Amino acid sequence: MSEKKIKNIFVKGAIDPSFIAESIAKHSSKTEIGGHSIFLGQVRKDEIDGKSVSAIEYTAFEDLALEKMHEIRENIFEKYPLTCMHIYQSLGTVKTGEICLFVFTSSAHRKPAIDACEEVVERLKAELPIWGKELFEDGSHQWKENK
Amino acid sequence: MSEKKIKNIFVKGAIDPSFIAESIAKHSSKTEIGGHSIFLGQVRKDEIDGKSVSAIEYTAFEDLALEKMHEIRENIFEKYPLTCMHIYQSLGTVKTGEICLFVFTSSAHRKPAIDACEEVVERLKAELPIWGKELFEDGSHQWKENK
Amino acid sequence: MEIELLSFGKIAEFITVKRLMLDGISDTDGLKKHLEDKFPQLSEMKYKLAVDKRIIQENTILQNKAIIAIMPPFSGG
Amino acid sequence: MEIELLSFGKIAEFITVKRLMLDGISDTDGLKKHLEDKFPQLSEMKYKLAVDKRIIQENTILQNKAIIAIMPPFSGG
């Protein structure tokens with residue numbers, strides 16, 4: 001992991017469950033793995049002042065986000081004995097009920113995969129320059145804020 | 001959750017990634033969900049004294065396991081604000097690289113789903129009367145022990 | 001008194017009897033001693049008993065026709 | 001000195017200028033004051049600056065042709 005190979009994490013639009021299935025299936029040849037931990041973000045139909053969110057439109061400062069993600073990835077691999085880690089974040093429009101984030105970690109024993117997955121999700125939300133614009137059914141919008 | 005409806009968790013053989021994809025896809029209509037946490041157990045090709053595990057054969061005291069799982073499920077729903085929880089454990093033979101456990105929790109915000117998923121995995125492994133017999137390539141076997 | 005025996009995992013490899021007549025044994029402590037005498041391998045391992053599908057943590061009175069499960073450490077997941 | 005501006009999220013709705021000529025401003029503290037005077041909405045919100053793709057935590061000297069990103073709180077995931 002020491003050479004500076006920046007992996008892309010961004011995908012256009014929603015993440016399809018069949019893509020998640022393919023990702024999982026690819027790991028069947030990695031027979032040193034005993035546990036996978038997956039986090040999926042799904043766009044919630046929040047109601048604000050009687051208006052419903054119909055989609056979130058994601059934008060990012062992509063270069064900076066990928067560099068930051070690379071740094072997080074290296075930290076996480078140093079900290080946990082992981083076999084693999086895969087991260088996908090949507091850009092563009094993702095409708096309510098669709099998947100916008102897919103974090104996938106694997107390790108020989110369950111604990112590192114579980115802990116690393118949670119830490120990646122927290123750090124990604126706190127540190128990556130990505131913005132979600134909540135689009136309402138009436139055409140108005142508001143900017144999402146992470147808690 | 002108070003009526004005594006015991007759900008089955010056992011599936012025959014390995015859990016197919018396409019089944020996991022279908023499970024995820026079914027949640028797109030539950031638009032109050034913001035986060036899903038998934039744990040997958042995969043059969044590891046451990047080497048013991050130069051012999052490789054080729055599969056694990058799972059058996060269970062099914063009635064007791066399902067009652068215990070029901071109790072755990074009720075505890076978890078009392079403790080965390082979850083939208084849903086799904087649990088599948090293989091019985092019979094699961095080959096190395098295949099999935100033998102699928103725990104899937106969902107909630108409006110990420111934290112309850114993540115914490116509940118981890119707790120269910122820990123409790124399932126500690127409390128459910130299920131046994132894994134590690135089959136080696138040479139026809140011998142040993143009984144798995146959870147850590 | 002007659003009880004039904006269910007054995008699982010590694011224990012099912014050496015306790016294959018399904019029914020047991022018990023004389024002078026009235027509780028699970030007595031049953032454990034009886035089983036460990038009869039199956040010395042059992043005394044060398046950890047195991048739990050369930051009586052009528054309830055895992056027991058302490059000595060429990062046995063009823064006629066009780067179903068006793070003998071369970072080695074769990075290894076599901 | 002001339003700098004390039006990249007604005008994101010909510011901030012991109014009111015800071016649309018892409019280039020800025022700065023007179024008598026040599027660091028990010030000076031730039032922040034300048035931007036907040038020019039765009040009062042900015043002074044009412046939290047934001048971070050990145051200089052040449054590095055998020056800065058403290059006052060930083062600006063070079064000519066620097067690329068400055070103005071970023072509201074992140075909300076990815």
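Since this is a predicted model, take the numbers as computed values, not measurements.
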Does any heavy atom of chain D fall under 4.5 Å from the side chain of [X], the backbone, both, or neither of them?
| X | result |
| --- | --- |
| A:Y58 | side chain |
| A:A126 | backbone |
| A:E145 | backbone |
| A:L128 | backbone |
| A:E127 | backbone |

Handout entry: Largest heavy-atom contact set with chain D, pairs under 4.5 Å, which of A:L124, A:I56, A:D63
Key =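 Ranked by contacts with chain D, first place is A:D63.
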
Please check if any side-chain donor atom of [X] sits under 3.5 Å from a side-chain acceptor atom of [Y], or the reverse.
| X | Y | result |
| --- | --- | --- |
| A:N146 | D:S75 | no |
| A:K51 | A:S140 | yes |
| A:E57 | A:W131 | no |

Handout entry: Close side-chain approach of A:I9 and A:R73, heavy atoms under 4.5 Å
Key =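 The answer is yes; the side chains approach within 4.5 Å.
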
Exercise for the section: Answer whether the closest heavy-atom distance between the side chains of A:I130 and A:T59 falls below 4.5 Å. Expected result: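 They are not in side-chain contact.
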
